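Just below is one structure, and these are the notes that go with it.
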Amino acid sequence: PSPACHYAYTYDIHANPRVVQVFPRSFAKTTLMLENILRWTYVKPYFKVLVVKSGDDQVRADFQKLQVQIEQNPRLLRDFGVLKPKRGSGIWSQSRMFLTNGVELVGRSVTSKSLLGLRPNVWFLDDAEFDPAMQLCPTHLTEHLRYLLFNVLEPMLDAGCIGIIQGTLFSHRALVYEAAAASEAEEPRWAFWSRMILPAKLPSGELMWPEKFSEERLRERREALGASAYAAQMLNAPGTDDDFIFPIHPRLSQYVVTE
């Protein structure tokens with residue numbers, strides 16, 4: 001069964017216009033995003049959704065999942081009819097879809113240059129700083145994301161758009177870490193956002209998803225990942241520069257050796 005935090009996520013993104021949600025790795029945050037995109041798709045005609053991922057491969061993977069549900073899910077077809085446009089009458093690709101009810105779904109990578117001019121009703125930044133293929137370094141993605149967020153996406157919110165940032169705290173230097181964990185005194189811009197950081201295990205010992213991540217399973221993950229990666233990926237508590245033997249320069253991402 002789904003944990004309580006999944007229902008809280010759905011409530012949060014429908015109740016607040018600016019949301020930062022941080023989940024442990026493998027907590028189905030992308031699945032939750034896709035489920036809610038489908039909800040909007042079927043109940044809000046002419047709704048526009050923008051999904052931003054770390055790379056084009058990740059965009060294609062998510063849009064393939066959406067296409068399968070829209071095209072093949074028998075319950076959705078029975079209750080809502082066919083939303084896939086006929087050949088030649090609309091767009092049906094793995095990065096953009098125009099559906100028969102006027103809904104538009106668009107997917108782009110963080111490094112995309114074709115985001116200007118889009119007017120979505122909701123945008124998602126989903127693990128936009130994590131490239132599973134490791135073809136782009138996290139620092140490179142963070143630089144692109146910072147520019148994209150504050151110069152392109154954030155201004156959309158003034159027009160009534162909903163903004164949702166979600167991910168895992170792989171590094172304290174990531175923008176999602178700042179968005180979720182920075183104090184309002186340090187970064188006043190985040191004072192207007194609903195922010196939540198969820199660890200797989202609370203300090204009290206309570207498990208967030210005991211059916212999937214039991215004490216035994218978390219122990220296995222810690223042994224497999226090591227203490228540092230486990231803290232970042234499962235507890236959303238990445239180390240700081242002080243945890244390294246050689247401190248890392250915050251902008252240059254280079255080791256700094258002090259005399």
Side-chain angles (χ1 to χ4, degrees), residues 1-23 27-53 58-108 112 114-115 117-128 149 152-167 192-196 198 209:
S2 294
C5 61
H6 283 183
Y7 300 100
Y9 167 92
T10 296
Y11 176 84
D12 202 17
I13 67 172
H14 288 272
N16 297 291
R18 305 181 185 207
V19 177
V20 181
Q21 285 273 356
V22 174
F23 284 91
F27 256 60
K29 57 183 175 295
T30 297
T31 299
L32 287 171
M33 175 189 74
L34 297 178
E35 287 179 352
N36 282 281
I37 288 175
L38 286 172
R39 286 190 180 94
W40 277 310
T41 294
Y42 284 97
V43 303
K44 287 186 174 291
Y46 301 99
F47 202 70
K48 296 182 180 180
V49 180
L50 170 63
V51 177
V52 180
K53 308 279 287 190
Q58 287 70 46
V59 171
R60 282 191 288 269
D62 283 359
F63 271 57
Q64 286 172 356
K65 294 174 183 176
L66 290 171
Q67 287 178 332
V68 167
Q69 293 299 317
I70 294 170
E71 190 175 13
Q72 301 179 20
N73 188 308
R75 294 180 179 178
L76 293 177
L77 291 171
R78 181 194 63 203
D79 294 343
F80 298 97
V82 177
L83 294 190
K84 179 183 177 180
K86 294 182 179 180
R87 187 182 297 273
S89 64
I91 296 176
W92 180 261
S93 74
Q94 293 176 1
S95 63
R96 192 163 200 164
M97 288 182 273
F98 286 92
L99 305 182
T100 58
N101 64 351
V103 168
E104 180 180 358
L105 308 178
V106 179
R108 293 289 184 267
S112 173
S114 57
L115 283 165
L118 296 177
R119 296 291 183 268
N121 297 103
V122 59
W123 55 252
F124 287 87
L125 289 177
D126 180 38
D127 263 341
L149 177 59
V152 179
L153 298 178
E154 204 279 337
M156 295 177 181
L157 303 179
D158 294 332
C161 177
I162 301 168
I164 301 163
I165 303 172
Q166 58 186 55
F192 305 98
W193 293 72
S194 172
R195 303 186 293 169
M196 179 69 70
L198 299 170
W209 196 352

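These numbers come from a predicted model, not from an experiment.
Applying the salt bridge (charged side-chain N to carboxylate O under 4.0 Å, His left out) test to every pair with at least one member in residues 86-96, sequence neighbours left out, gives these pairs: R96-E104. Applying the ring-ring contact (aromatic ring centres under 6.0 Å, His included) test to every pair with at least one member in residues 72-101, sequence neighbours left out, gives these pairs: Y42-F80.
Formation of a donor-acceptor pair under 3.5 Å by the H6 side chain with backbone atoms of F27 is found in this model. A donor-acceptor pair under 3.5 Å is absent between the side-chain atoms of W40 and the main chain of V49, judged by distance alone. For the pair N101 (side chain) and L83 (backbone), a donor-acceptor distance under 3.5 Å is absent. In this structure, the side chain of Q72 does not engage the main chain of L77 through any donor-acceptor pair within 3.5 Å.
Annotation: the span from I13 atom CD1 to M33 atom CE amounts to 10.0 Å, rounded to 0.5 Å.
Under the salt bridge (charged side-chain N to carboxylate O under 4.0 Å, His left out) criterion, E154 pairs with R18, not counting sequence neighbours. Checked against salt bridge (charged side-chain N to carboxylate O under 4.0 Å, His left out), K84 has the following partners two or more places apart in sequence or in another chain: E71. For S2, the side-chain hydrogen bond (donor to acceptor under 3.5 Å, both in side chains) criterion is met by no residue, not counting sequence neighbours. A search for salt bridge (charged side-chain N to carboxylate O under 4.0 Å, His left out) contacts involving R60 returns D57, not counting sequence neighbours. In this view, N36 and T10, H14, R39 satisfy the side-chain hydrogen bond (donor to acceptor under 3.5 Å, both in side chains) rule, not counting sequence neighbours. Shown here are the side chain to side chain contact (heavy atoms under 4.5 Å, CB included) partners of D12, two or more places apart in sequence or in another chain: N16, V19, Q21, S194. Every side-chain hydrogen bond (donor to acceptor under 3.5 Å, both in side chains) that Q64 has, sequence neighbours left out, goes to Q94. For the side-chain hydrogen bond (donor to acceptor under 3.5 Å, both in side chains) test, residues two or more places apart in sequence or in another chain that qualify with D126 are T30, K53, Q166. When the salt bridge (charged side-chain N to carboxylate O under 4.0 Å, His left out) test is applied to D79, no partner is found at least two apart in sequence or on another chain. Under the rule for a side chain to side chain contact (heavy atoms under 4.5 Å, CB included), the partners of R75 that lie at least two apart in sequence or sit in another chain are N73, R78.
The shortest non-hydrogen separation linking V52 to A128 is O-CB, 4.3 Å. Of all the heavy atoms in V122 and F47, the pair that sits closest is CG1-CE2, 3.4 Å. Nearest heavy atom pair, residue M156 against residue C161, reads O-CB, 3.2 Å.
At least one side-chain heavy atom of W193 sits under 4.5 Å from a side-chain heavy atom of L157. Between K29 and D127, the closest side-chain pair of non-hydrogen atoms falls below 4.5 Å.
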